[in-house]
Amino acid sequence: MKLSIGIVGLPNVGKSTLFNHLTSKGILAANYPFATIDPNVGIVEVPDQRLEKLNEISKSEKLIPAIVEFYDIAGLVKGASQGEGLGNKFLQHIKEVNAIVHVLRCFGGSDIIHVNNEVNPLSDMETINAELALKDLEQVETRLDKAQRESRSGDKKAQKEVEILSKVKALLAEGKSIMEFANDDLIKELRLLSAKKKLYLLNGQNSDVSEELKAAIAEEGSEYVISDLGKEPDLSALIKGTYHLLGLISFFTTGEKETRAWTIKNGSSAPEAAGAIHSDFEEKFIRAEVVGYNDLVEAGSWNGAKQKGKMRVEGKDYIVQDGDVMVIRHG
């Protein structure tokens, strides 16, 4: 499955620097607002030592990791929902991604210009979240008006929409989280920005991050990682964090031609995992031969795992586990 993450935040907080570290590309990271005019897209490998070990065992010709698409979206400012700083254009880009990495500048004492002339990550967090909510509120009000008109004729679907949208509108107007509705089909259809899961990247050192900021992130139901982007950061926690954020796991296929990691939702069935390899495989699924990663490494080979009774034959009801190594049999 495609996994796309939008990098957002105020101008000059470290978004493009983060993107450069992630992708090792020389993308413009100038010291002024709106250095990024269009979203840069970077394909980033998901670090996974298990994949490398399986590759050693199989002596594969190719190693293909799972990937994440990171979108470096230009700096938002107060008033973005009304078009300030080309905000409407950039907010539209965010609608297309699965989740958001929100970069907050926590470091101080620098000659890097802050758009508000002060370093206040808690205020920055509130500014961006408010702009996302205001943009959503505009969209929800438009859809609610339409649903209310249709509900007057007794349309049951429209009446249900009015019920949900009225609740979401009230929460957005009060600046409260709408994550309880994130899995509702209507909210998914609208692709509301405030319903996307967020991971905060706190740009600075541990000593720069206040307990108040940590508490605000926790209250929102989000998670964070701390990294000093001014140095050469280890961003594996961030990449893996996006996986965890979206409830994703990896299963593997391995052989002489290639060893590959596949991304699926946690809780996916064996046929759904087969569909990640090729859409036809899900419909024509017969069975899956499965060995757990640790069992395969311990046995030293697929045949060795089979001889030790570690290879299982699973049917359509099997729920794939993170780290499963699979051979899909299909019609």
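- Residues L63 and E258 have side chains not in contact (no heavy-atom distance under 4.5 Å, counting atoms from C-beta outward).
- At least one donor-acceptor pair under 3.5 Å links the side chain of D324 to the backbone N or O of Q321.
- Here the side chains of I100 and I5 are not in contact, with every heavy-atom distance at 4.5 Å or above.
- Across all their heavy atoms, A66 and T263 have their closest contact at CB-OG1, 3.5 Å.
- Between Q49 and Y293 the shortest heavy-atom distance is O-OH, 4.5 Å.
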Practice problem: I would like to know whether V140 and L172 meet side chain to side chain contact (heavy atoms under 4.5 Å, CB included); could you show each step before the answer? | Solution: CA-CA 9 Å; V140 166; L172 288 170; 4.0 Å; yes
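- Checking E223, M125, E212 one by one against I217, the side-chain contact (heavy atoms from CB on, under 4.5 Å) holds for a single residue, M125.
- Residues Y243 and V46 meet the side-chain proximity criterion, which asks for heavy atoms closer than 4.5 Å.
- Hydrophobic clustering (side-chain heavy atoms under 4.5 Å, transitive across Ile, Leu, Val, Met, Phe, Trp, Tyr) keeps V119 apart from Y200.
- A donor-acceptor contact shorter than 3.5 Å is absent between the side chain of S58 and the backbone of N55.
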Test E161 against R143 for salt bridge (Lys or Arg N to Asp or Glu O under 4.0 Å), laying out the working first. CA-CA 9 Å; E161 284 193 6; R143 183 63 174 260; 3.2 Å; yes
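- Using modelled atom types, no side-chain atom of N266 and backbone atom of I249 make a donor-acceptor pair closer than 3.5 Å.
- K95 places a side-chain N or O within 3.5 Å of a backbone atom of R191 that can act as its donor or acceptor partner.
- Within the 4.5 Å cutoff, the side chain of T254 has heavy atoms near those of the V325 side chain.
- For the pair K197 (side chain) and A99 (backbone), a donor-acceptor distance under 3.5 Å is absent.
- No single ILVMFWY cluster, assembled from side-chain heavy atoms under 4.5 Å apart, contains both L104 and F70.
- In this structure, the side chain to side chain donor-acceptor pair (under 3.5 Å) partners of E174, at least two apart in sequence or on a different chain, are K176.
- Between L201 and H102 the shortest side-chain heavy-atom distance does not fall below 4.5 Å.
- Linking ILVMFWY side-chain heavy atoms closer than 4.5 Å, directly or via other members, places V13 and V225 in a single hydrophobic cluster.
- For the 3.5 Å distance criterion, the side chains of W262 and T253 qualify, holding a donor opposite an acceptor.
- The number of heavy atoms from other shown groups lying within 6.0 Å of CD (E298) does not exceed 12.
- Closest approach of V320 to A273, counting heavy atoms only: CG2-CB, 3.7 Å.
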Run the side chain to side chain contact (heavy atoms under 4.5 Å, CB included) test on L248 and L3 for me, step by step, so that the C-alpha distance in whole Å, both residues' side-chain angles and the decisive distance to 0.1 Å come before the verdict.
CA-CA 10 Å; L248 303 174; L3 174 58; 3.7 Å; yes
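- Remark: the backbone N or O of N98 is paired with a side-chain donor or acceptor of S4 at under 3.5 angstrom.
- K316 places no side-chain N or O within 3.5 Å of a backbone atom of I286 that could act as its donor or acceptor partner.
- Using a 4.0 Å cut-off between a side-chain N of Lys or Arg and a carboxylate O of Asp or Glu, K59 and E256 do not qualify as a salt bridge.
- Side-chain contact between V168 and I187: present, with at least one pair of heavy atoms (C-beta onward) separated by less than 4.5 Å.
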message: What verdict does the side chain to side chain contact (heavy atoms under 4.5 Å, CB included) test give for L144 and K169, after you've listed the backbone C-alpha separation in whole Å, the side-chain angles of each residue and the deciding distance to 0.1 Å?
response: CA-CA 9 Å; L144 179 57; K169 177 184 175 181; 3.9 Å; yes
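- A distance of 8.5 Å separates OG in S60 from CG in L54, rounded to the nearest 0.5 Å.
- Looking at every heavy atom in both residues, G14 comes nearest to L229 through O-CD1, 3.4 Å.
- Salt bridge status for K167 with E163: present, with a side-chain N to carboxylate O gap under 4.0 Å.
- The structure places NZ of K231 at 15.0 Å from OG1 of T17, a figure rounded to the nearest 0.5 Å.
- The CG atom of L18 sits 8.0 Å away from the CG atom of D72 when rounded to the nearest 0.5 Å.
- Classification of K198 and E220 as a salt-bridged pair holds, one side-chain N sitting under 4.0 Å from a carboxylate O.
- For the residue pair S236/D234, the side-chain donor-acceptor check at 3.5 Å is satisfied.
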### Query
Going through the distances and angles, do K146 and E150 end up as a salt bridge (Lys or Arg N to Asp or Glu O under 4.0 Å)?
CA-CA 6 Å; K146 179 175 181 288; E150 294 174 349; 2.9 Å; yes
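- Contact record, L296 with A305: CD1-CB, 4.2 Å, taken as the closest heavy-atom pair.
- Within 6.0 Å of CD on E272 lie more than 12 heavy atoms contributed by other residues, nucleotides or ligands.
- A cation-pi arrangement is absent between R287 and F285, since the terminal nitrogen or guanidinium carbon is not both under 6.0 Å from the aromatic centre and inside a 45° cone about the axis.
- The salt bridge (charged side-chain N to carboxylate O under 4.0 Å, His left out) search around E211 returns K214, not counting sequence neighbours.
- Contact annotation: the side chain of L22 never approaches that of V68 to less than 4.5 Å [non-hydrogen atoms, C-beta and beyond].
- Enclosure of atom CD in E283 is not indicated, since only 12 or fewer non-hydrogen atoms of other residues, nucleotides or ligands lie within 6.0 angstrom.
- The CG atom of D208 sits 7.5 Å away from the CG atom of D228 when rounded to the nearest 0.5 Å.
- Taking CD1 of I264 as the reference point, atom CZ of F251 lies at 5.5 Å (rounded to 0.5 Å).
- A salt bridge links D322 to R50: at least one charged side-chain nitrogen sits closer than 4.0 Å to a carboxylate oxygen.
- A donor-acceptor pair under 3.5 Å links the side-chain atoms of S166 to the main chain of V162, judged by distance alone.
- Cluster annotation: I164 and L137 are assigned to the same hydrophobic cluster (Ile/Leu/Val/Met/Phe/Trp/Tyr, side-chain heavy-atom contacts under 4.5 Å, transitive).
- The ring pair (Phe, Tyr, Trp, His ring centres under 6.0 Å) check on H244 picks up nothing, with sequence neighbours excluded.
- A donor-acceptor pair is defined here as one N or O able to donate and one able to accept, closer than 3.5 Å; such a pair exists between the side chain of T127 and the backbone of S123.
- Side chains of Y318 and R312 form a contact here, defined as non-hydrogen atoms less than 4.5 Å apart.
- Residues L10 and L202 are members of separate hydrophobic clusters, defined by side-chain heavy-atom contacts under 4.5 angstrom among Ile, Leu, Val, Met, Phe, Trp and Tyr.
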For this session: For side chain to side chain contact (heavy atoms under 4.5 Å, CB included), just list the numbers for L199 and Y224, CA-CA rounded to whole Å, side-chain angles, deciding distance to a tenth of an Å, and then say yes or no.
Result: CA-CA 5 Å; L199 179 68; Y224 67 87; 5.5 Å; no
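- With hydrogens and angles disregarded, no donor-acceptor distance shorter than 3.5 Å links the side chain of N129 to the backbone of E126.
- I319 approaches S269 most closely through the heavy-atom pair CD1-CA, 4.2 Å.
- In this structure, CD in E61 is found 10.5 Å from OG1 in T259, a value given to the nearest 0.5 Å.
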